[in-house]
Amino acid sequence: MKVSPPRSEAELLERARAIAGLSMAELAARLDAPIPAQARRAKGWAGQLVETALGATAGSRPEPDFQRLGIELKTIPVRPDGRPLESTYVCTVPLEAAEVGHWEAAYIRHKLARVLWVPLVGEAGGHPAERRIGAALLWSPDPAEDAVLRADWEELMEQVCLGRVDTLTARHGTALQIRPKAADSHARRRGVGASGAPEAMLPRGFYLRAGFTATLLARRYALGGGQ
DNA sequence: GAATGATCATCA
DNA sequence: TGATGATCATTC
């Protein structure tokens, strides 16, 4: 089944409302999509299905999911109490010095400028198909959140630029962290080595910590309704 | 291969 | 139990 891109923010939010309350199994049935037999084979399945249902366009290209609207779509697994089960992948970490600029122009900042969060409610360890689609939240970082992200990004990217990627672990950063992001631990990309010269290294990704996304998802209740 | 979509498996 | 590092599927 093919869904056309939403023409407006209102249309996107209406579509998100329309699928809220469905289980992922029910959404899969509507879209005539198969359900992976094993949970460990289903990484990314829910996210891609919700993309299809809402009419996202980017596929695996480095573009916003809703290009015309400048909105990024993120599904996020949450417990029934609303707390995220996992951290959230954002984008690849630029490992070559030439790619690094300043926060205002950073790709990750662009990517997080406007995000439609779609919670998928379920228990830890449950099959993704059993999760239920929650109420979506269209979010932009407030000044405090932007400041936190910026501070983390500057600290982390300084290390990258200095060729200290190998000393960076997921323990750095209060909201944003850097973790491996690859098919396996043998994958290699070009980056700034310890000597300052280009060197092959493990690709990394930026992830939002669960504590950060928990707070941002909770904001809707604090403000009395979100969207 | 490298980007997207993420969750799994393990250990502190 | 939660966080870290490793891994899985799909697309371009």
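Naming convention: chains lettered A, B, ... in sequence-line order (proteins, then strands); numbering from 1 in each chain.
For Arg83(A) and dG2(C), the CZ to C1' distance is 10 Å, given to the nearest whole Å. Rounded to whole angstrom, the span from the CE atom of Met201(A) across to the P atom of dA2(B) amounts to 13 Å. Taking atom CD of Glu86(A) as the reference point, atom P of dA3(C) lies 10 Å away to the nearest angstrom. At whole-Å resolution of the value, CZ in Arg79(A) and P in dT7(B) are 13 Å apart. Rounded to an integer number of Å, the gap from CD of Glu96(A) to P of dA2(B) is 11 Å.
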Measure all distances between protein nitrogen or oxygen atoms and nitrogen or oxygen atoms of nucleotides 4-6 of chain B, and list the pairs falling under 3.5 Å.
unit_1: dT4(B); atom_1: OP1; unit_2: Lys111(A); atom_2: NZ; d: 3.3
unit_1: dT4(B); atom_1: OP2; unit_2: Tyr89(A); atom_2: OH; d: 2.8
unit_1: dT4(B); atom_1: OP2; unit_2: Thr92(A); atom_2: OG1; d: 3.2
unit_1: dT4(B); atom_1: O4'; unit_2: Ser60(A); atom_2: O; d: 3.0
unit_1: dG5(B); atom_1: OP1; unit_2: Glu72(A); atom_2: OE2; d: 2.9
unit_1: dG5(B); atom_1: N7; unit_2: Lys181(A); atom_2: NZ; d: 3.3
unit_1: dG5(B); atom_1: O6; unit_2: Lys181(A); atom_2: NZ; d: 2.5
unit_1: dG5(B); atom_1: N2; unit_2: Lys43(A); atom_2: O; d: 2.6
unit_1: dA6(B); atom_1: OP1; unit_2: Thr75(A); atom_2: N; d: 2.8
unit_1: dA6(B); atom_1: OP1; unit_2: Thr75(A); atom_2: OG1; d: 2.6
unit_1: dA6(B); atom_1: N6; unit_2: Tyr207(A); atom_2: OH; d: 2.8

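Each of Pro203(A) and Gly125(A) was matched to the nucleotide of DNA chain B holding its nearest heavy atom; the match closer to the 5' end belongs to Pro203(A). In terms of position on DNA chain C, the residue among Ala210(A) and His186(A) whose nearest nucleotide sits closer to the 5' end is Ala210(A).
Arg188(A) comes within 4.0 angstrom of the backbone, heavy atoms only, and of no base. As judged by a 4.0 angstrom heavy-atom cut-off over every strand, Ala183(A) is placed among the base-contacting residues.
Listed by first and then second residue, the ring pair (Phe, Tyr, Trp, His ring centres under 6.0 Å) pairs that reach into residues 12-52 of chain A come to none, sequence neighbours excluded.
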Which donor-acceptor pairs under 3.5 Å do side chains of residues 193-204 of chain A form with protein atoms, sequence neighbours excluded?
unit_1: Ser195(A); atom_1: OG; unit_2: Ala197(A); atom_2: N; d: 3.3
unit_1: Arg204(A); atom_1: NE; unit_2: Leu202(A); atom_2: O; d: 2.8

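Using modelled atom types and a 3.5 Å distance limit, the side chains of Arg209(A) and Ser87(A) yield no donor-acceptor pair.
Look at Arg40(A) and you'll find a side-chain N or O under 4.0 angstrom from OP1 or OP2 of dA9(B).
Glu154(A) and Arg150(A) are joined by a salt bridge, as a carboxylate oxygen and a charged side-chain nitrogen come within less than 4.0 angstrom of each other. Classification of Glu86(A) and Lys43(A) as a salt-bridged pair fails, no side-chain N sitting under 4.0 Å from a carboxylate O.
Between Trp103(A) and Trp153(A), the ring planes lie tilted relative to each other; the angle falls in the 30° to 60° range.
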